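We count ligands from 1, going down the list as the structure has it; atoms in each ligand are counted the same way. Along the sequence shown, residues are numbered consecutively beginning with 1. What you see is a predicted model, and the numbers here were worked out from it, not measured in a lab.
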Amino acid sequence: MLRIIVLGAGAGGGFPQWNCGCPNCGRARAGDPQARPATQSSLAVSADDGATWYLLNASPDLRQQIAQTPPLHPRVRGRGSPIRGVVLTNADVDHIVGLLTMREVQPLAIFGTPRVLQKVQANTIFNVLDSEVVSWRPLIPGQVTEICGLDGSPSGLSAKAFPVPGKVALWLEDPRQEDFGSAVEDTVGLELSSNCGKRFFYIPGCARMPTDIADRLRGAALVFFDGTTYTDDEMISCGLGSKTASRMGHMSVSGTDGSIASFAPLAVARKIFVHINNSNPILIADSRERKFVEAAGWEVGSDGLEVVL
Ligand code: MLT
Ligand code: MN
Ligand code: ZN
């Protein structure tokens with residue numbers, strides 16, 4: 001059995017975002033039941049009936065996410081956590097800052113591509129993760145890696161990373177280099193498998209759907225996918241920013257190149273949007289856009305949603 005909990009369904013900034021007064025954020029802030037708040041992008045997964053958990057990305061909201069998720073609470077009288085490690089899909093702020101929350105001398109294994117680990121470890125603030133108890137473990141794209149904690153006991157979970165179209169993290173962009181200095185291993189999707197034969201995909205950032213990714217996802221039981229924006233120019237048309245979704249490394253939900261159209265022929269049994277930006281109208285439960293995505297067979301992820309495979 002695989003248990004998956006959406007800790008945060010929002011994108012960077014969360015919903016509502018601290019400095020955003022857009023109509024969506026206003027409704028969330030006012031407690032409108034149609035506009036449920038969402039914390040930043042992370043899942044928790046367990047393949048051993050909830051005995052141990054691994055985080056898929058560690059968001060800046062991790063402290064709050066753990067507080068509102070009882071299966072992740074300590075189970076001993078002293079210090080201890082059922083969270084044994086973290087698997088990173090990129091080095092974006094919304095995916096790595098939660099590592100700093102996990103600094104209290106707690107044994108952890110942190111998995112990521114060599115390039116992502118190198119960038120994160122090069123930032124000395126992460127030295128706060130005590131090297132005596134924290135180990136950084138490479139996830140080589142294309143290879144199946146057994147996910148286990150520092151004591152080496154198996155979790156029943158393995159991960160295969162695969163490169164997806166995207167870009168280097170915003171804080172690492174180099175304007176002098178082509179494509180801002182992005183390289184293949186900067187953004188990956190994850191295929192997670194349990195040793196009981198269950199399998200799902202987690203792809204919170206993906207700028208396009210090339211044939212090789214489509215082929216990989218075809219027929220899958222469950223995919224959590226990039227739901228950052230509804231339209232490519234949403235940030236611009238809402239007056240919230242100057243970048244398109246594709247410039248930020250994300251494909252839109254709607255449109256001929258969007259995720260709904262791209263997944264239509266793939267026969268994926270369950271499709272759930274995550275990493276949803278506060279500007280995206282699918283966050284509003286009674287919106288026309290929400291009805292459209294649900295009619296297309298998609299679910300809109302929400303904090304606390306649990307899926308069992
Ligand atoms: C993104 O998903 O595009 C990033 O989280 C942006 C950011 O770092 O703010
Ligand atoms: Mn993000
Ligand atoms: Zn907003």
Q. Identify the closest protein heavy atom to atom 4 (C) of ligand 1: which residue and atom is it, and at what distance?
A. D92 OD2, 3.2 Å
(Q) Could you tell me if S155 and D48 have a donor-acceptor pair between their side chains, going purely by distance under 3.5 Å? (A) no
Q. With a distance cut-off below 6.0 Å to the six-membered ring centre and an angular limit of 45° from the axis, does R247 pair with F180 as a cation-pi contact?
A. yes
Q: Check the Zn ion (ligand 3) and write out every protein N, O or S atom at under 2.8 Å, as residue and atom.
A: C20 SG, C22 SG, C25 SG
Q: Kindly state each residue pair satisfying ring-ring contact (aromatic ring centres under 6.0 Å, His included) with at least one member in residues 276-309, sequence neighbours excluded.
A: F263-W298, F273-W298
Q: Any ring-ring contact (aromatic ring centres under 6.0 Å, His included) involving residues 73-107? Give me the pairs, sequence neighbours left out, ordered by first then second residue.
A: H95-H275
Q) Considering only heavy atoms of M248, which atoms of ligand 1 have at least one such atom less than 4.0 Å away? A) 3 (O)
Q.
Heavy-atom contact check, 4.0 Å cutoff: does H95 meet ligand 1?
A. no
Q. Can you tell if the side chain of I260 reaches within under 4.5 Å of the side chain of V293, non-hydrogen atoms only?
A. yes
Q. Of all the atoms in H95, is at least one N, O or S atom closer to the Mn ion (ligand 2) than 2.8 Å?
A. no
Q: Heavy atoms only: give me the nearest W171-K119 pair and the separation to one decimal.
A: CH2-O, 3.9 Å
Q) For atom 6 (C) of ligand 1, which candidate among L172, L170, T228, N277 provides the closest heavy atom? A) L170
Q.
Please compare R247, K243, Q40, H250 and report which has the shortest non-hydrogen distance to atom 2 (O) of ligand 1.
A. H250
Q.
Both conditions, 6.0 Å and 45 degrees, for the charged tip of R216 above the ring of F162: are they met here?
A. yes
Q) Which atoms of ligand 1 have any heavy atom of H275 under 4.0 Å away? A) 2 (O)
Q | Set of side-chain contact (heavy atoms from CB on, under 4.5 Å) partners for T229, sequence neighbours left out | A | E234, A245, S252
Q) D94 heavy atoms, cut-off 4.0 Å: which ligand 1 atoms fall inside? A) 5 (O)
Q) Looking at the Mn ion (ligand 2), is one of the N, O or S atoms of D94 less than 2.8 Å from it? A) yes
Q.
Under a 4.0 Å threshold between the charged nitrogen and the carboxylate oxygen, would K167 count as salt-bridged to D179?
A. no
Q. Do you know which two heavy atoms are closest between Q106 and V134, and how far apart they sit?
A. O-CG2, 3.9 Å
